[in-house]
Protein chains: 2
Amino acid sequence: MRGSFTAKGQATRGRIIQGAAAVLRERGVAMMTLDDVLARTSTSKSQLFHYFPGGKDELLLAVAQFEADQVLEDQQPYLGCLDSWDAWYRWRDTVIQRYEEQGDHCPLGSLFLQIGRNTPGARAIVTELLRQWQEHLATGIRAMQTAGHVPASLDVDRTAAALLAGIQGGVSILLSTGRSTHLHAALDEGIMTLRNAASAAI
Amino acid sequence: MRGSFTAKGQATRGRIIQGAAAVLRERGVAMMTLDDVLARTSTSKSQLFHYFPGGKDELLLAVAQFEADQVLEDQQPYLGCLDSWDAWYRWRDTVIQRYEEQGDHCPLGSLFLQIGRNTPGARAIVTELLRQWQEHLATGIRAMQTAGHVPASLDVDRTAAALLAGIQGGVSILLSTGRSTHLHAALDEGIMTLRNAASAAI
DNA sequence: CAAAAAATGGACCTGCAAGTCCAATCTGGT
DNA sequence: ACCAGATTGGACTTGCAGGTCCATTTTTTG
């Protein structure tokens with residue numbers, strides 16, 4: 001199927017996805033129409049349905065995947081080497097900056113509320129994203145343990161899970177209220193927990 | 001305006017809101033139509049537009065308010081008297097149970113993604129809910145300080161904010177993945193933070 | 001260079017769901 | 001009992017957005 005697309009076809013397909021993502025950030029899922037996407041990408045209906053035979057749902061799913069890939073990329077290279085307190089703080093700043101810039105549109109969240117959890121594809125995308133994200137955090141914590149900055153007795157998975165939850169909640173509150181206070185608090189608390197665990201263990 | 005509704009009218013209005021809330025939990029915002037609501041509540045179009053002249057948006061807003069009121073109520077009486085470790089754990093169990101039962105539909109989240117943050121009404125509802133929620137948590141933490149279980153040096157507002165963020169994120173992950181692991185972790189970490197602060201201060 | 005396959009343009013269809021309207025019925029006050 | 005205003009029923013309109021179709025152009029391939 002996908003192999004039958006030529007290079008030009010792939011390019012068009014990609015353009016449609018990116019255009020849809022842009023429209024989505026501007027207008028939100030509820031307000032986005034296929035015609036918006038066509039207008040923005042200078043493509044025609046037949047093209048859209050040529051590359052996304054499943055119609056709107058398939059397109060939204062593709063955009064969801066596109067946005068999901070972006071999330072972790074935007075946190076690099078910091079998320080990949082959380083091996084010192086300084087690295088953790090730099091990563092924290094990156095996260096906060098990214099989501100403050102994003103403003104009050106959450107492509108992923110709204111997307112998959114629209115697509116619905118029922119569709120297996122949507123759920124898989126989010127689940128996989130969260131899994132990778134948490135794994136990065138856990139790896140970072142383990143690195144700190146290895147370096148002796150955090151006691152080995154700390155429950156890595158639970159700490160990472162809690163931190164990830166805090167971030168998610170912080171972002172979702174930022175979307176709701178426009179204030180990044182909670183995201184800030186969640187990140188600071190999370191890192192502080194690591195540090196306190198360290199000092200408490202002394 | 002509202003005063004001109006008779007008792008019967010108010011009852012109908014209420015029925016419509018509750019019916020809409022039910023439909024919403026079942027089918028999700030994207031899939032809900034006014035006709036669904038009419039069918040479920042045995043009312044007619046003219047009634048719906050009589051009580052909600054603003055149409056669908058106004059109805060959704062009313063449902064949002066209805067659901068928001070529910071959220072804190074469901075956590076009572078525990079949320080109101082977080083003055084011992086035992087009380088905190090009972091509250092935690094209540095929260096987890098409530099959201100595990102709710103399954104994978106978030107009336108508020110989806111609602112106000114649909115209505116959009118742009119509308120002032122929607123934003124106000126969520127902001128106020130979060131404010132009250134966090135205030136309850138802060139009050140609880142202060143009670144623990146007063147009782148000497150938590151050191152007075154603890155930054156109450158930040159801790160409460162982080163805990164609230166963790167809950168929000170935990171719930172949103174529960175909605176996405178169907179697993180309550182993160183909600184669990186966030187609550188446990190949050191309470192553990194209070195306890196560790198206590199022991200660290202000794 | 002010719003045939004086949006892919007890519008594109010855009011008119012058209014269709015169904016649905018929000019919102020309108022008016023006539024009919026009920027209810028509460030005097 | 002009577003009247004005004006509130007309530008209700010449901011047919012009708014309307015616009016839009018998703019999806020179909022086919023003719024045309026471009027590209028690949030042999």
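We name chains A, B, ... by the order of the sequence lines, and we start the count at 1 in each one. Both backbone and side-chain heavy atoms feed into the values below; hydrogens, waters and symmetry mates do not.
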- prompt: For the atom pair CH2 (B/W91) and CD (B/Q76), what is the distance rounded to the nearest 0.5 Å?
  reply: 11.5 Å

message: For the backbone of B/A162 and the side chain of A/E189, can you confirm whether one donor and one acceptor N or O come within less than 3.5 Å of each other?
response: no

field: Side-chain donor-acceptor contact under 3.5 Å, A/Q75 with A/H136
entry: no

- request: Could you run through nucleotides 22-30 of chain C and give me one letter per nucleotide, 5' to 3': B if any protein heavy atom sits under 4.0 Å from the base, S if only the sugar-phosphate is that close, - if neither?
  value: ----SS---

query: With sequence neighbours left out, what residues match A/R40 under side-chain hydrogen bond (donor to acceptor under 3.5 Å, both in side chains)?
result: A/E26

query: Between A/R25 and A/E67, is the closest basic N to carboxylate O distance under 4.0 Å?
result: yes

field: NZ/NE/NH1/NH2 to OD/OE distance under 4.0 Å, A/E135 and A/R142
entry: no

query: To the nearest Å, how far apart are A/R13 CZ and C/dA6 P?
result: 16 Å

message: I need the CG-P distance between B/L48 and C/dT20, as an integer number of Å.
response: 12 Å

query: Looking across every strand, which nucleic acid part, if any, lies under 4.0 Å from B/F52 by heavy atom: base, sugar-phosphate, or nothing?
result: nothing

statement: note: A/H50, atom NE2; D/dG19, atom C1'; distance rounded to Å ~ 16 Å

- line: Separation of D/dA6 atom C1' from B/Q10 atom CD, nearest Å, is 13 Å

- request: Could you check how far CD of A/Q47 sits from C1' of D/dT25, rounded to whole Å?
  value: 12 Å

message: Does the protein touch nucleotides 14-19 of chain C at the base, only the backbone, or not at all? Give it as B, S and - per nucleotide, heavy atoms under 4.0 Å.
response: ---SBB

field: Pairwise side-chain contact, B/L48 with B/T43, heavy-atom cut-off 4.5 Å (strictly under)
entry: no

Rounded interatomic separation in angstrom, taking CG from B/L38 and P from D/dA11: 13 Å

